[in-house]
Amino acid sequence: MRVRFFHPWNVTYLQAISIQIRLRHELIERPLGSVERIAAVDASFVEGRAYAVAAAFSYSSMELLDQSMAKCDLDFPYIPGLLTFREGSALLMALDGLAEEVDVILFDGQGQAHPRFMGEAAHLGILLDKPSIGCAKSWLWGEYEEPGWEKGSSSPLIAGCRQVGAAVRTRSGVKPIFVSPGHLCDNASAKEVALGCCRGFRIPEPLRFVHAQSKRYALEDR
DNA sequence: GCGACAG
DNA sequence: ATCTTGTCGC
Ligand SMILES: [Mg+2]
């Protein structure tokens with residue numbers, strides 16, 4: 001898939017925040033259409049470099065359809081709220097190598113559950129002009145109640161008097177994940193798709209795969 | 001000033 | 001996220 005919109009990546013802390021605020025006006029929230037193919041992307045880090053892997057799957061069977069890797073030097077530090085400026089360009093490079101077209105992309109981080117409603121999934125979804133969903137392993141933004149113990153139960157993440165995502169129990173009795181819609185998606189679709197690609201583990205299968213792959217890629221290049 | 005803080 | 005192997009428990 002191709003990147004449709006661009007902005008500089010070698011920016012200062014204040015410029016990064018300014019870009020997030022500007023992109024906020026481009027965010028479109030709406031239900032997802034039918035999902036036949038889905039992609040996920042993640043990165044691992046070693047010796048100041050990011051190793052990103054993107055992969056495409058059949059949504060119904062979770063069969064692997066395509067895979068792509070990218071390596072690049074890191075220049076921006078990790079700052080909560082600005083994760084996209086650390087690993088975003090590496091993730092886009094990996095996604096750019098995917099030949100298979102997909103209906104939605106999963107990211108290892110927040111979507112709209114972010115102080116400026118512009119988490120990694122929302123931000124990169126806009127640049128790619130593709131539907132996107134954020135599936136974070138821990139909390140960043142929004143008030144919520146502990147969801148029920150059973151797999152499938154969830155409770156809304158509320159910020160600024162509106163729902164920006166949900167804490168979703170993807171395995172009974174296990175810590176929930178934080179699912180929030182990115183671009184061209186809504187809360188109901190995000191939760192449905194995130195749960196729809198779990199196969200017995202807390203983390204949705206496409207993200208589990210790219211996480212493991214990026215780690216292997218980084219370790220064997222060390 | 002203090003606390004919180006995706007990966 | 002990373003530094004790091006085996007080990008305890010469901
Ligand atoms: Mg990650």
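Below, read A as the first sequence line, B as the second, and so on, with proteins coming before strands; counting in each chain starts at 1. Worth knowing before you read on, the calculation uses all heavy atoms, side chains too, and leaves out hydrogens, waters and symmetry mates. No experiment lies behind these values; they were computed from the predicted model shown.
A/Arg37 is linked by a side chain to side chain contact (heavy atoms under 4.5 Å, CB included) to A/Leu65, A/Glu100, A/Val102, A/Asp103, counting only residues two or more places apart in sequence or in another chain. For A/Phe5, the side chain to side chain contact (heavy atoms under 4.5 Å, CB included) partners two or more places apart in sequence, or in a different chain, are A/Leu127, A/Asp129. Scanning for salt bridge (charged side-chain N to carboxylate O under 4.0 Å, His left out) contacts around A/Glu146 gives A/Arg169, with sequence neighbours left out. For A/Pro77, the side chain to side chain contact (heavy atoms under 4.5 Å, CB included) criterion is met by A/Ile79, not counting sequence neighbours.
Between A/Lys137 and B/dG7, a side-chain N or O to OP1/OP2 separation shorter than 4.0 Å is present. Remark: A/Ser138 is in phosphate contact with B/dG7, judged by side-chain N or O atoms under 4.0 Å from OP1 or OP2. Not one side-chain nitrogen or oxygen of A/His211 sits closer than 4.0 Å to the OP1 or OP2 atom of B/dG7.
With a 4.5 Å cut-off on side-chain heavy atoms, A/Arg22 and A/Met118 do not count as touching. A/Ile133 places a side-chain heavy atom less than 4.5 Å from the side chain of A/Val104.
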Open item on the list: side chain to side chain contact (heavy atoms under 4.5 Å, CB included) for A/Ser132 and A/Phe107? Distances and angles first, verdict last.
Closed with: CA-CA 7 Å; A/Ser132 58; A/Phe107 289 85; 3.7 Å; yes
Open item on the list: Checking A/Arg116 against A/Arg24 for the side chain to side chain contact (heavy atoms under 4.5 Å, CB included) test, could you report, in this order, the C-alpha distance in whole Å, the side-chain angles of both residues, the deciding distance, and whether it holds?
Closed with: CA-CA 7 Å; A/Arg116 290 168 292 282; A/Arg24 179 174 163 181; 5.6 Å; no
Task: A/Gln110 and A/Phe178: CA distance, side-chain angles, deciding distance, side chain to side chain contact (heavy atoms under 4.5 Å, CB included) verdict - done: CA-CA 7 Å; A/Gln110 313 291 345; A/Phe178 297 81; 4.2 Å; yes
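Side-chain atoms of A/Ser172 never come within 3.5 Å of backbone atoms of A/Glu150 as a donor-acceptor pair (strictly under, hydrogens ignored). Judged purely by atom type and a 3.5 angstrom limit, A/Arg171 has no side-chain atom pairing as donor or acceptor with the backbone of A/Cys198.
Each salt bridge (Lys or Arg N to Asp or Glu O under 4.0 Å) pair with one or both residues in residues 42-64 of chain A, not counting sequence neighbours, appears once here: A/Glu47-A/Arg49.
Note on A/Leu195: it clusters hydrophobically with A/Ile203, by side-chain heavy-atom contacts below 4.5 Å among ILVMFWY residues.
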Distance-only donor-acceptor hits, side chain of residues 81-97 of chain A, under 3.5 Å, sequence neighbours excluded:
residue	atom	partner	partner atom	Å
A/Arg86	NH1	A/Phe76	O	2.8

Please output the side-chain donor-acceptor pairs of residues 26-36 of chain A that fall under 3.5 Å, not counting sequence neighbours, one pair per line with the distance.
none

- [ ] For each nucleotide in nucleotides 3-10 of chain C, reading 5' to 3', give B when a protein heavy atom comes within less than 4.0 Å of its base, S when such contact involves only the sugar-phosphate, and - otherwise.
- [x] S-------
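The CZ atom of A/Arg86 sits 19 Å away from the P atom of B/dC5 (whole-angstrom rounding). Summarising the geometry, the separation between OH on A/Tyr78 and C1' on B/dC5 is reported as 6 Å, rounded to the nearest angstrom. In this structure, A/Tyr144 places its OH atom 12 Å from P of B/dA6, rounding to the nearest Å. Regarding A/Leu140, its CG atom lies at a distance of 19 Å from the P atom of B/dG3, rounded to whole Å. The distance from atom OH of A/Tyr51 to atom C1' of C/dA1 is 14 Å, rounded to the nearest whole Å. Protein atom CZ of A/Arg49 is 14 Å distant from nucleotide atom C1' of C/dT2, rounded to whole Å. Straight-line distance from the CG atom of A/Leu83 to the P atom of B/dC5: 16 Å, rounded to whole Å. Whole-Å rounding puts the A/Leu207 CG to B/dG7 P distance at 11 Å.
Of all the residues in residues 108-136 of chain A, A/Asp108, A/Gly109, A/Gln110, A/His114, A/Gly119, A/Glu120, A/Ala136 reach under 4.0 Å from DNA chain B with at least one non-hydrogen atom. Contacts of residues 156-165 of chain A with DNA chain B (heavy atom under 4.0 Å): none.
Among the pairs that DNA chain C forms, none builds a region of at least three successive Watson-Crick or G-U pairs under 3.5 Å.
A/Leu82 comes within 4.0 angstrom of a base, heavy atoms only.
One distance of note links CG of A/Leu207 with CG of A/Leu106; it measures 4.5 Å at 0.5 Å rounding.
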TODO: Would you write the dot-bracket representation of DNA chain B, where each base gets (, ), [, ], | or . depending on whether it forms a Watson-Crick or G-U pair under 3.5 Å and with which partner?
DONE: .......
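Within 6.0 Å of CZ on A/Arg199 lie more than 12 heavy atoms contributed by other residues, nucleotides or ligands.
Aromatic stacking of A/Trp139 on B/dA6: not satisfied for centres closer than 5.5 Å together with planes under 30 degrees.
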